[in-house]
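A note on names: the letters A, B, ... follow the listed sequences, proteins ahead of strands, and every chain is numbered from 1. Quantities reported herein were computed from a predicted structural model and do not represent experimental measurements.
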2 protein chains.
Amino acid sequence: MLTISQLAAYAGVTVRAVRHYHQIGLLPEPERDASGYRRYSAGAVVSLVRIRILANAGVPLSQIGQMLEADASTFAAAVEEIDRQLGDEIARLEASRRQIAQLAAGDRLALAPEVITYLDRLRDIGVSERVVAGERDSWILMSARWPDRVREWMPGKTAQLDDPQLIRLYRILSEIFESDTGDDARLVEAADILASLAEQAYRSGEIDLGEVAQDDLPFDLLDALAVEADPRVQRLLNLMRERGWDGLARLERLAEPPT
Amino acid sequence: MLTISQLAAYAGVTVRAVRHYHQIGLLPEPERDASGYRRYSAGAVVSLVRIRILANAGVPLSQIGQMLEADASTFAAAVEEIDRQLGDEIARLEASRRQIAQLAAGDRLALAPEVITYLDRLRDIGVSERVVAGERDSWILMSARWPDRVREWMPGKTAQLDDPQLIRLYRILSEIFESDTGDDARLVEAADILASLAEQAYRSGEIDLGEVAQDDLPFDLLDALAVEADPRVQRLLNLMRERGWDGLARLERLAEPPT
DNA sequence: TGGAGGGTTGACGCAGCGTCAAGGTCAAGC
DNA sequence: GCTTGACCTTGACGCTGCGTCAACCCTCCA
């Protein structure tokens, strides 16, 4: 007759595990000796070893009982199901591992490489870190909403950075948001350039975003994000309204531009 | 301003998850509106999306907070650690999968193929299912104790099944344990054959098990298992003692054989 | 004005044990 | 006979990342 620790040691498990199996009814409680100790027969060792064989193969404890009693075909079906689940789990972990490899590869926020390139171009142009950080957060939101589309858009966006007007706009915005003053003249200048760019885009039909434009929320969020980052953005939004444009992340011509 | 369900939907998580992140301090609690509802800013969306990026990469929630604040090298070290853990987990699951493939491959108890072959040979020889089941359980115990050695032993064990004496022994044992009588004459016959086989093995020096013989417990267990399966085995053990042998799974010559 | 569809906190449940806590028991050495 | 240390007992909380009630309040629309 064995004590619980001898039984556990033979099967290579802990005493706690054995008691757990008793609790969930997987291993029957043995007789107790005079002092209340559990005393195990050799058969219990076989039972426990068989339980561990299945458990080590990834079978959930809750199914082991049935599997030990099942006939061959039921058993085979269960085995197949377990294998499928293991496969799924492995696939999930491997997906995680690819994700984390991306994180390790340098871009700490798992943005698509095209976006990283775009942000680097902004820095090259002389855009301030604060504004770049704002852009980055914006693209995080965009990537969350349209994970696949973003990569298609980036080449176009990056090409636009060759436009001297756009460069000038970004530099003015950098100056505004790096300073602590409410420099209205600069804001007006920025609004003028932005309105001009919007006008060009509008005339060239470039402004069409397809079904993406149907979904207002992300663009509202982007504008709100910018205002949160710096309240002076609200002034800019107002200035754009005066010029007949609504929004910032996505500019929409107001129905009736004020005269 | 967003409600909790809008926030959750944008990040592709459940409302419950968002509340959970608040509880563990991962996402700061936002202001409440007049009726006590949580109201989220656009910045909260960015925070939540960033949390999910790390979580999807397999980073435990408890570490995400630190990682979002960490500098580049700390971040890289953490990423490496997570990747290692993911790798370990994948390896464990793949080991399970190999195990379960063995189970699916036919032997329902993950015994080595050599053991399965041995058990099949017993059946061919005419050994009863009950005795084969006993043998199987014995080999489960042996495999648990010496997982690697068992495969080495089986060829020898299987070869022994060519010995007509051993075949006869197994057949007699099968008859005994299939019947309901306490057929002592049969038991005596079995004991005589067993003693004779033991004597041969002893003289040929075959009985040496090396360091395996140092460990009594498994052999005691095997004998106990047999007695549990059928109390008549106890009679057999007694008969063997009379013939100067102790045990059954491992026969040991008694210091002073009775006269 | 009533009902559907939001929101709130609080609490249990899940898997498989690890890990105290607060004792009772056993075997061995003095 | 007594102490000591190792082993046994039950009971209960902890861990991970939420899912899922329960019981109740708030908002919006027909």
- Message: At a heavy-atom distance below 4.0 Å, what parts of residues 1-20 of chain B sit against DNA chain D?
- Response: T14(B), R16(B), A17(B), H20(B)

- Query: Hey, which of these two, V59(B) or A34(B), hits DNA chain D nearer its 5' end, going by closest nucleotide?
  - Reply: V59(B)

- Message: Tell me which residues in residues 83-93 of chain A lie within less than 4.0 Å of DNA chain D, going by non-hydrogen atoms.
- Response: none

- Item | Along DNA chain D, first and last positions that approach a heavy atom of chain B under 4.0 Å | dG17(D) to dT27(D)

- Query: Do NZ/NE/NH1/NH2 and the carboxylate oxygens of R97(B) and E94(B) come within less than 4.0 Å?
  - Reply: no

- Item | Lys/Arg cation over aromatic Y202(B): R253(B), 6.0 Å, 45° cone | yes

- Item | Separation of atom CG in L54(A) from atom P in dA15(C), rounded to whole Å | 17 Å

Under 3.5 Å donor-acceptor pairs involving side-chain atoms of residues 132-140 of chain A, not counting sequence neighbours:
from    : atom 1 : to      : atom 2 : distance (Å)
E135(A) : OE1    : W139(A) : NE1    : 3.2
E135(A) : OE2    : Y170(A) : OH     : 2.6
S138(A) : OG     : G134(A) : O      : 2.9

- Task: Sequence neighbours left out, what passes side-chain contact (heavy atoms from CB on, under 4.5 Å) with Q234(A)? Give chain and number order.
- Result: V227(A), L237(A), N238(A)

Pairwise N/O distances under 3.5 Å, protein to nucleotides 23-25 of chain C:
from    : atom 1 : to     : atom 2 : distance (Å)
dG24(C) : N2     : Y37(A) : OH     : 2.7
dT25(C) : O4'    : Y37(A) : OH     : 3.0

- Message: Applying side-chain hydrogen bond (donor to acceptor under 3.5 Å, both in side chains), can you list everything that pairs with R39(A), at least two apart in sequence or on another chain?
- Response: D33(A)

- Item | Residue that, paired with R145(A), satisfies salt bridge (charged side-chain N to carboxylate O under 4.0 Å, His left out) out of D215(A), D220(A), D216(A) | D215(A)

- Is it true that R84(A) and D88(A) have a side-chain N and a carboxylate O under 4.0 angstrom from each other? yes

- Message: Under the rule for side-chain contact (heavy atoms from CB on, under 4.5 Å), what residues qualify as partners of A42(A), not counting sequence neighbours?
- Response: L221(B), A224(B), L225(B), E228(B)

- Residue set satisfying ring pair (Phe, Tyr, Trp, His ring centres under 6.0 Å) with Y40(A), at least two apart, ordered chain then number -> H22(A)

- Message: Working note: R241(A) + D246(A), criterion side-chain contact (heavy atoms from CB on, under 4.5 Å); need CA distance, chi angles, decisive distance, verdict.
- Response: CA-CA 6 Å; R241(A) 277 203 154 268; D246(A) 182 36; 3.3 Å; yes

- Message: Assess whether a salt bridge exists between R250(B) and D223(B), defined as any Lys/Arg side-chain N lying under 4.0 Å from an Asp/Glu carboxylate O.
- Response: no

- With axes from five pairs an end, tell me the bend angle of the helix from dT1(C)-dA30(D) to dC30(C)-dG1(D), nearest 10°. 30°

- Item | Donor + acceptor pair across side chains of E89(B), Q85(B) (<3.5 Å) | no

- Item | Protein-nucleotide distance (I82(A), atom CD1; dA15(C), atom P), rounded to Å | 13 Å

- Note on the structure: For E80(A), the salt bridge (charged side-chain N to carboxylate O under 4.0 Å, His left out) test, sequence neighbours excluded, returns none

- Nearest-0.5 Å distance that lies between atom CG in L111(A) and atom CE in M142(A): 12.0 Å

- With sequence neighbours excluded, tell me which residues meet side-chain hydrogen bond (donor to acceptor under 3.5 Å, both in side chains) with Q63(A). none

